[in-house]
Amino acid sequence: MKICFATNNSKKIEEVKAALGSNFEIVSLQDIGCHEELPETGNTLNHNAFQKARFVKENYGVDCFADDTGLEVETLNGTPGVYSGRYAGEPRSDERNIDLLLKNLKGKEDRKARFRTVIALILDGKEYDFEGIASGEIIEEKIGGGGFGYDPIFRPDGFSRTFAELTMEEKNEISHRGKAVKALIEFLSNRKF
């Protein structure tokens with residue numbers, strides 16, 4: 001099955017392709033000729049994910065899925081949340097986002113956090129959504145060179161390593177996006193075409 005993943009983030013595409021395996025062919029926005037920035041103006045992950053998927057469906061006519069992910073830090077009332085990618089403002093920068101989050105957590109003992117991903121799927125004129133959550137904590141300094149975003153400062157529950165220290169396979173097993181993708185795969189695999 002061929003389906004478009006509506007994202008410009010090549011790291012996300014790599015992760016999802018690895019999780020989906022050979023039953024599905026993922027095409028990118030570039031593959032369908034979409035080179036513009038997708039709209040992302042909602043105040044919830046669900047709204048942003050569907051906004052991106054609907055934009056692709058309406059403008060390019062292809063079935064697709066899109067995701068939105070937020071890092072929710074308990075002691076900061078769930079921020080950065082839906083604004084995780086642009087937490088430190090423009091221009092967007094993982095480094096600046098991490099630096100601001102660590103600054104805002106300075107001196108705080110409660111560092112519990114969770115990553116939450118919502119995947120919006122538009123298929124055959126119908127809309128579906130899937131969610132994945134990974135709980136953990138924010139450590140005090142960056143460790144690891146893998147992953148992207150907040151991965152170097154997020155240590156998932158039950159692990160002594162950060163997301164940035166895990167292999168892609170390990171991360172896909174336990175991550176928020178990995179869990180949401182598993183739900184998507186299960187749905188697509190059980191569908192009658």
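Classification of the Phe163-Phe115 ring pair by plane angle, with boundaries at 30° and 60°, yields parallel.
Salt bridge annotation for Glu90-Arg92: present, with a cationic side-chain nitrogen under 4.0 angstrom from a carboxylate oxygen.
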Kindly determine whether Glu140 and Ile153 satisfy side-chain contact (heavy atoms from CB on, under 4.5 Å), including the steps that lead there.
-> CA-CA 7 Å; Glu140 294 186 5; Ile153 60 168; over 6 Å; no

Apply salt bridge (Lys or Arg N to Asp or Glu O under 4.0 Å) to the pair Glu169 and Lys171, showing each step before the final yes or no.
-> CA-CA 5 Å; Glu169 292 75 24; Lys171 185 181 173 192; over 6 Å; no

Begin from the C-alpha positions of Val16 and Thr7 and carry the test side-chain contact (heavy atoms from CB on, under 4.5 Å) through to its verdict.
-> CA-CA 11 Å; Val16 170; Thr7 182; over 6 Å; no

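Closest non-hydrogen pair, Lys108 versus Leu76, comes out as CE-CD2, 4.0 Å. The minimum heavy-atom distance between Asp151 and Gly147, with the atom names listed, is OD2-CA, 3.2 Å.
Side-chain contact check for His176 versus Arg114: every heavy-atom pair is 4.5 Å or farther apart. Between Leu29 and Leu38 there is a side-chain heavy-atom pair separated by less than 4.5 Å.
Rounding to the nearest 0.5 Å places CG of Leu166 at 5.5 Å from CD1 of Ile174. The distance from the CD1 atom of Ile32 to the SG atom of Cys64 is 7.0 Å, given to the nearest 0.5 Å. Taking NZ of Lys17 as the start and NZ of Lys12 as the end, the distance is 15.5 Å to the nearest 0.5 Å.
For Ser84, the side chain to side chain contact (heavy atoms under 4.5 Å, CB included) criterion is met by Leu71, Pro80, Tyr150, not counting sequence neighbours.
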Show every donor-acceptor pair shorter than 3.5 Å between a side-chain atom in residues 129-139 and any protein atom, with sequence neighbours excluded, or say none if there are none.
{"unit_1": "Asp129", "atom_1": "OD2", "unit_2": "Asn46", "atom_2": "ND2", "d": "3.0"}
{"unit_1": "Glu131", "atom_1": "OE1", "unit_2": "Arg116", "atom_2": "NH1", "d": "2.9"}
{"unit_1": "Glu137", "atom_1": "OE2", "unit_2": "Arg155", "atom_2": "NE", "d": "3.2"}
{"unit_1": "Glu137", "atom_1": "OE2", "unit_2": "Arg155", "atom_2": "NH2", "d": "2.8"}

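Listed by first and then second residue, the ring pair (Phe, Tyr, Trp, His ring centres under 6.0 Å) pairs involving residues 54-102 are Phe5-Phe65 (not counting sequence neighbours).
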